[in-house]
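Counting from 1, the numbers follow the sequence of the chain as shown. None of the values given here were measured: they were computed from a predicted structure. These numbers come from the heavy atoms of this one structure, side chains and all, not from hydrogens, waters or symmetry mates.
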Amino acid sequence: MSDEGGSLKGVWLAIIVLSALLGAGVAAAVFLLAGAGVTASLAAGGATFLGLATLGIAVRKYLGD
């Protein structure tokens with residue numbers, strides 16, 4: 001995944017963040033459908049976003065180097 005100068009770093013970051021956002025929305029929806037409260041659903045979505053974004057950035061760094 002060499003991008004010859006780093007011009008694609010922003011694109012990869014956008015893909016990772018949007019994917020993490022989608023996963024967070026799904027997690028929050030699942031928690032809401034399971035009967036959890038709004039606070040627990042938002043907390044689950046936020047935790048999922050942080051985990052997926054961190055994992056995506058770490059994998060990108062690992063594969064890019």
* Which value, rounded to the nearest 0.5 Å, describes the distance between Trp12 atom CH2 and Leu63 atom CG? -> 8.5 Å

* Asked: Just wondering, more than 12 heavy atoms not from Phe49 lying within 6.0 Å of its CZ?
  -> yes

* ILVMFWY network linking Ile15 to Leu8, side-chain heavy atoms under 4.5 angstrom -> yes

* Same cluster or not: are Leu55 and Tyr62 linked, directly or through other Ile, Leu, Val, Met, Phe, Trp or Tyr residues, by side-chain heavy atoms under 4.5 angstrom apart? -> yes

* Check Gly23 against Thr48 and note the closest heavy-atom contact, atom names and distance. => O-CG2, 3.9 Å

* To do: Identify the two heavy atoms, one from Ile16 and one from Ala53, that lie closest to each other, and give their separation to 0.1 Å.
  => CG2-O, 4.0 Å

* **Least distance between heavy atoms, Ala24 atom then Gly45 atom** => CB-O, 3.1 Å

* Asked: Are any non-hydrogen side-chain atoms of Ile57 and Leu13 less than 4.5 angstrom apart?
  -> yes

* Asked: What closest approach, in Å, do Ser41 and Ala36 show between heavy atoms, and which atom pair accounts for it?
  -> OG-O, 3.9 Å

